[in-house]
> 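My questions all concern the structure below.
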2 protein chains.
Amino acid sequence: MKTPSEKSNGKPVNRKLYAPLAAHEVELAQFFVRMANILGIQRSVAEIYSLLYASPKPMEFDQIQGRLEMSKGSVSQGLKFLRDHGMILAIKEKGTKRERWEPTPSLAGSLVNILRSQVLPSLEKSKPTLQNVLDFATARAAAPEVIERIARLQRWNSRAVELSALLLPPPADE
Amino acid sequence: MKTPSEKSNGKPVNRKLYAPLAAHEVELAQFFVRMANILGIQRSVAEIYSLLYASPKPMEFDQIQGRLEMSKGSVSQGLKFLRDHGMILAIKEKGTKRERWEPTPSLAGSLVNILRSQVLPSLEKSKPTLQNVLDFATARAAAPEVIERIARLQRWNSRAVELSALLLPPPADE
DNA sequence: GCCTAAGTTCAATTTTTAATGAAAATTCTG
DNA sequence: CAGAATTTTCATTAAAAATTGAACTTAGGC
């Protein structure tokens, strides 16, 4: 007969196998969640990153899932996001199957990656939109002050795109 | 007998009284909604601002509600947000009861106000949190590299707060 | 000072976004 | 290359956020 700590396949359930978060881990997560909110990044991603950030050694999938009591799906998606944005690195030891994860050394670099992917696309997408608006408004003979306002917006947006591209240059390789 | 365009109090319903949005107004709203997303501001607020921005003259409550086909509650809350962040100004003409609204001349100033209220508080709230984390971690004799990471985070945060306070100074009066 | 028009508030509802977990896909390992 | 272990995918569910509208409040006109 199976104990409650076993699934039908005999594999032990994660619950209770991993230590609950320590006080400093909880507070650090609060910090990262706040920062993530500003950037429009979801809580689960911030929690994963925070855990890795406070860990003295790289962590593997099941540890992350167990200590955060989070679903497999969320861990998988969270790690994917962090990987895609260059925020974590895989440490692959020979002889082991599972990968282990740690934060990339440069948090600054990670931030730049995030900003580039979260903010720049919106700015760039706006260029043609604003040109359209200006064309429309001109064609309909809108009030001159309105046309001037829109033109100002367009100049702003262009400068913002240029500035961002300068501050957030794409990585040389990849 | 009442027509369908009248309510029981005899006051005409707004529907059909106001022109639907023109193409350039729709596209401009898309632009402002995108920018609002970056800043974590809701769609309805962006739409109201956009409408005022594209209007050659100040607009009153009912016009805004009618042209955007938006509820009274949303218009009221949206105008409150825009007012509170110095993004719109009330034009009060003598002899009229209703106020009319227009965007403040300086969009740059408005942006600064938004950033100050949306971003700064998170940065500032983090200062004590990070100090706590550091204290906790030290007390538990966490790994030195973890302590170093957290200390670095704390220095970053402090500098971010200082820099923000510098770039986004509070208005002199009010 | 009453009455009505104008605007605000907030509980209920709708919409949007994030998390879950079972099934599918992939990847080592023997 | 079979088979198990690990991870990913994605339809479903749950949670969070935004919107609505009716009741309430406030401000002006008479």
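Proteins get letters first, then strands, A, B, ... in listed order; numbering begins at 1 in each. All figures in this text were calculated on a predicted structure; none of them were measured in a lab.
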> The side chain of B/Ser76 is closest to which nucleotide in this list: C/dT20, C/dT8, C/dA6?
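Selected nucleotide: C/dT8.
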> Go through the N and O atoms of the side chain of B/Lys72 and the base of D/dT20, and report whether any donor-acceptor pair is under 3.5 Å.
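For B/Lys72, whose side chain was compared with the base of D/dT20, there is no donor-acceptor pair (under 3.5 Å).
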> Round to the nearest Å and state the distance from B/Gln65 atom CD to C/dA5 atom C1'.
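After rounding, the gap between these two atoms is 14 Å.
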> Without decimals, in angstroms, what is the distance between B/Gln77 CD and D/dA18 P?
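Value for this atom pair: 11 Å.
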> Name every residue in residues 26-40 of chain B that has at least one heavy atom under 4.0 Å from any atom of DNA chain D, in order of residue number, or write none if there are no such residues.
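Within this stretch, nothing sits under 4.0 Å of the strand.
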> Nearest to the B/Lys80 side chain among C/dC28, C/dT9, C/dT20, which nucleotide is it?
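For B/Lys80, the side-chain atoms sit closest to C/dT9.
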> To the nearest Å, give me how far apart CD (A/Gln63) and C1' (D/dT7) are.
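Computing the A/Gln63:CD to D/dT7:C1' distance gives 16 Å.
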> Identify the heavy atoms of A/Gln63 and A/Tyr18 that sit nearest to each other, and give their distance.
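That closest heavy-atom pairing would be CA-CE2, 3.6 Å.
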> Spell out, as yes or no, whether a donor-acceptor pair under 3.5 Å connects the side chain of A/Ser71 to the backbone of A/Ser74.
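A pair under 3.5 Å: yes.
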> When you compare the side chain of B/Leu52 with that of B/Met59, does any pair of heavy atoms fall below 4.5 Å?
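Yes; the side chains approach each other to less than 4.5 Å.
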> In whole Å, I'd like the distance from the CZ atom of A/Arg98 to the P atom of C/dT29.
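After rounding, the reported distance stands at 12 Å.
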> Under 6.0 Å from the CZ atom of A/Arg140, do we count more than 12 heavy atoms belonging to anything else shown?
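Not buried by this count: 12 neighbours or fewer within 6.0 Å.
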> Give a yes/no on whether any side-chain N or O of A/Ser74 is located under 4.0 angstrom from OP1 or OP2 of C/dT20.
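Looking at the OP1 and OP2 atoms of C/dT20, one of them is under 4.0 Å from a side-chain N or O of A/Ser74.
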> Do any side-chain nitrogens or oxygens of A/Arg83 fall under 4.0 Å of OP1 or OP2 in D/dT8?
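Affirmative; the distance criterion is met.
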> Round to the nearest Å and state the distance from A/Leu82 atom CG to D/dT7 atom P.
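My rounded result for the distance is 15 Å.
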> Keeping the roles fixed (side chain from B/Ser76, backbone from B/Lys72), state whether a donor-acceptor pair exists under 3.5 Å.
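No, because the side chain of B/Ser76 does not come within donor-acceptor range (under 3.5 Å) of the backbone of B/Lys72.
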> Any carboxylate oxygen within less than 4.0 angstrom of a Lys/Arg side-chain nitrogen, looking at B/Lys57 and B/Glu102?
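No, B/Lys57 and B/Glu102 are not salt-bridged.
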> Given atom CG of B/Leu79 and atom C1' of C/dT8, what is their separation to the nearest angstrom?
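Spelled out: CG on B/Leu79 to C1' on C/dT8 is 11 Å.
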> Within the 3.5 Å criterion, strictly below it, is a donor on B/Asn37 or B/Arg34 matched to an acceptor on the partner's side chain?
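No pair is found: no donor N or O on one side chain lies under 3.5 Å from an acceptor on the other.
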> Under 4.0 Å, heavy atom to any atom of DNA chain D: which of residues 41-54 of chain B qualify?
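Those residues are B/Gln42, B/Arg43, B/Ser44.
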> So, is the end of the B/Arg149 side chain (NZ or CZ) under 6.0 Å from the ring centre of A/Tyr53 and within 45° of the ring's axis?
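So B/Arg149 does make the cation-pi contact.
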> May I have the distance from B/Met70 (atom CE) to D/dG21 (atom C1'), rounded to whole angstrom?
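It works out to 15 Å between those atoms.
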> Could I get the full list of side-chain hydrogen bond (donor to acceptor under 3.5 Å, both in side chains) partners for B/Asp135, not counting sequence neighbours?
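side-chain hydrogen bond (donor to acceptor under 3.5 Å, both in side chains) list for B/Asp135, sorted by chain: B/Gln131.
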> Write down the distance between CG (A/Asp84) and P (D/dT7), rounded to a whole number of angstrom.
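Checked: the CG to P distance equals 16 Å.
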> Given that A/Phe61 and B/Gly73 both sit by DNA chain D, which one's nearest nucleotide is further toward the 5' end?
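Mapping each residue to its closest nucleotide by heavy atoms, the 5'-most match is A/Phe61.
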